[in-house]
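In what follows, a structure is listed as structure tokens, so that the remarks can point back to it.
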Amino acid sequence: MKNWKLAPLALGLIAFSAASGQAGADSMPQLSQDDLQERIAANRDAIQKFASTLQGELMTAMQSGGPTEAIQVCNERAPAIARDISAETGIEIGRTSLKLRNQDNAPDRWERLTLQGFEAQHTAGTPATDLPPRFGVVESDDGDPKFRFMAAIPTGGACLTCHGSDVSGDVKHALERLYPDDQATGFREGDVRGAFTVTQEM
Ligand code: HEC
């Protein structure tokens, strides 16, 4: 499960996203370098906290009750951990994907563009573990400018139990019960599974 690794988040590796320069960019508020770096650091911390808390609980559940118990963790704890972090930090955090298990995680416009950007970069040869995060001030679907930040999530070997193409009977049934419209199987190790996504008020 140590495959649950974030793309490198060192400042030097971060590239501004093409998607963040979309229509309306000229009228978007500008951030000072200090403000930008502070936000990047805070968003990165929130993502790391979300990832490590979830990973810890997932591993514990896998060991104590196997994948069907771990499905409960993903189902109940993933959104709860995200809510706790939001309440604590004021940073709205979640996970999203182009192939969804839970429709509650559906991407909005910018998230979809950014996920497509990750996919394109991955297809062009960048390993999913090395995709730099994308961020910027973005006009949200409700019209307000928000600071957005996304980090790609690579598919590790341990993810395949529940997201691979050969999901076992028990796991399959448990998933079907909770997610009748599940699209999040058929992944291979090294694929982009999705992304962590952060939204911050300006
Ligand atoms: C024990 C089964 C299980 C394992 C193992 C597992 N997942 Fe999931 N995953 C789920 C479930 C269940 C959900 C739906 C969570 C929800 O309802 O928000 C989910 C949702 C997700 C989502 C949110 C997007 C969506 O499709 O709704 C991402 C991203 C994700 N998983 C990535 C991973 C990665 C990366 C790994 C490996 C490190 C992994 N998962 C391992 C069961 C699992």
Side-chain angles (χ1 to χ4, degrees), residues 4-57 74 76-98 100-122 126 128-154 192-202:
W4 200 319
K5 180 180 138 201
L6 291 179
L9 291 165
L11 253 184
L13 291 172
I14 287 176
F16 268 98
S17 110
S20 68
Q22 292 292 312
D26 289 350
S27 58
M28 288 287 110
Q30 298 291 310
L31 293 175
S32 71
Q33 268 305 314
D34 283 356
D35 190 2
L36 178 63
Q37 292 193 17
E38 231 169 74
R39 283 171 188 268
I40 290 169
N43 291 357
R44 188 195 55 197
D45 286 354
I47 288 173
Q48 274 166 353
K49 186 160 190 200
F50 185 24
S52 60
T53 309
L54 185 56
Q55 180 184 343
E57 295 196 18
C74 293
E76 287 160 22
R77 293 294 299 149
I81 295 165
R83 275 195 303 273
D84 287 352
I85 293 174
S86 303
E88 217 174 277
T89 60
I91 292 173
E92 197 189 305
I93 192 165
R95 294 184 301 169
T96 187
S97 178
L98 293 171
L100 287 167
R101 177 148 290 164
N102 184 343
Q103 288 299 325
D104 292 349
N105 300 325
D108 68 11
R109 197 165 50 97
W110 183 75
E111 287 169 333
R112 178 171 296 280
L113 280 170
T114 304
L115 286 165
Q116 287 165 347
F118 286 140
E119 278 300 340
Q121 206 177 346
H122 178 55
T126 307
T129 45
D130 293 346
L131 293 168
R134 293 172 177 232
F135 54 86
V137 179
V138 177
E139 187 182 318
S140 55
D141 288 359
D142 65 15
D144 285 340
K146 303 252 168 75
F147 186 71
R148 311 292 299 270
F149 186 103
M150 280 174 74
I153 306 176
V192 179
R193 170 61 188 88
F196 291 104
T197 178
V198 168
T199 305
Q200 231 187 343
E201 298 299 326
M202 292 296 291

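In what follows, every heavy atom counts, from backbone to side chain, and hydrogens, waters and symmetry copies are set aside. Along the sequence shown, residues carry numbers from 1. Quick caveat, the model's predicted, so the values are computed rather than measured.
- The two atoms that bring I93 and S86 nearest to each other are N-OG, 3.6 Å, heavy atoms only.
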Donor-acceptor list for residues 192-202 side chains, cut-off 3.5 Å, not counting sequence neighbours:
{"residue": "R193", "atom": "NE", "partner": "H163", "partner atom": "ND1", "Å": "3.3"}
{"residue": "R193", "atom": "NH1", "partner": "S97", "partner atom": "OG", "Å": "3.0"}
{"residue": "R193", "atom": "NH1", "partner": "K99", "partner atom": "O", "Å": "3.3"}
{"residue": "T197", "atom": "OG1", "partner": "E111", "partner atom": "OE2", "Å": "2.7"}
{"residue": "T199", "atom": "OG1", "partner": "R148", "partner atom": "NE", "Å": "3.2"}
{"residue": "Q200", "atom": "OE1", "partner": "R39", "partner atom": "NH1", "Å": "3.3"}

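- A salt bridge does not link K146 with E92: every distance from a Lys NZ or Arg NE/NH1/NH2 to an Asp or Glu carboxylate oxygen is 4.0 Å or more.
- Note that the CZ atom of F50 and the CZ atom of R95 stand 5.5 Å from one another [nearest 0.5 Å].
- Across every non-hydrogen atom of P133 and F149, the tightest pair is CB-CZ, 3.7 Å.
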Worksheet item: Between F118 and M150, is a side-chain contact (heavy atoms from CB on, under 4.5 Å) present by the stated rule, with each step listed?
Response: CA-CA 10 Å; F118 286 140; M150 280 174 74; 4.1 Å; yes
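- Taking each heavy atom of F135 and L36 in turn, the nearest pair found is CE1-CD1, 4.1 Å.
- Scanning for side chain to side chain contact (heavy atoms under 4.5 Å, CB included) contacts around T89 gives I85, I91, with sequence neighbours left out.
- Residues passing the side chain to side chain contact (heavy atoms under 4.5 Å, CB included) test with Q116 are L98, R112, L113, sequence neighbours excluded.
- Atom CD1 in I40 sits 12.0 Å away from atom CG in D45 (nearest 0.5 Å).
- In this view, Q121 and R134 satisfy the side chain to side chain donor-acceptor pair (under 3.5 Å) rule, not counting sequence neighbours.
- Side-chain contact between F147 and V138: absent, with no pair of heavy atoms (C-beta onward) separated by less than 4.5 Å.
- Note that CG of D130 and NE2 of H122 are 11.0 Å apart. Values are rounded to the nearest 0.5 Å.
- In this structure S140 satisfies the side chain to side chain donor-acceptor pair (under 3.5 Å) test together with D142, sequence neighbours excluded.
- In this structure, CD in E38 is found 11.0 Å from CG in N43, a value given to the nearest 0.5 Å.
- Heavy atoms only, all atoms of each residue included: L115 and T96 are closest at CD1-CG2, 3.9 Å.
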What donor-acceptor contacts under 3.5 angstrom involve side-chain atoms of residues 77-84, with partners at least two apart or in another chain?
{"residue": "R77", "atom": "NE", "partner": "E57", "partner atom": "OE1", "Å": "2.7"}
{"residue": "R77", "atom": "NE", "partner": "E57", "partner atom": "OE2", "Å": "3.4"}
{"residue": "R77", "atom": "NH2", "partner": "E57", "partner atom": "OE2", "Å": "3.0"}

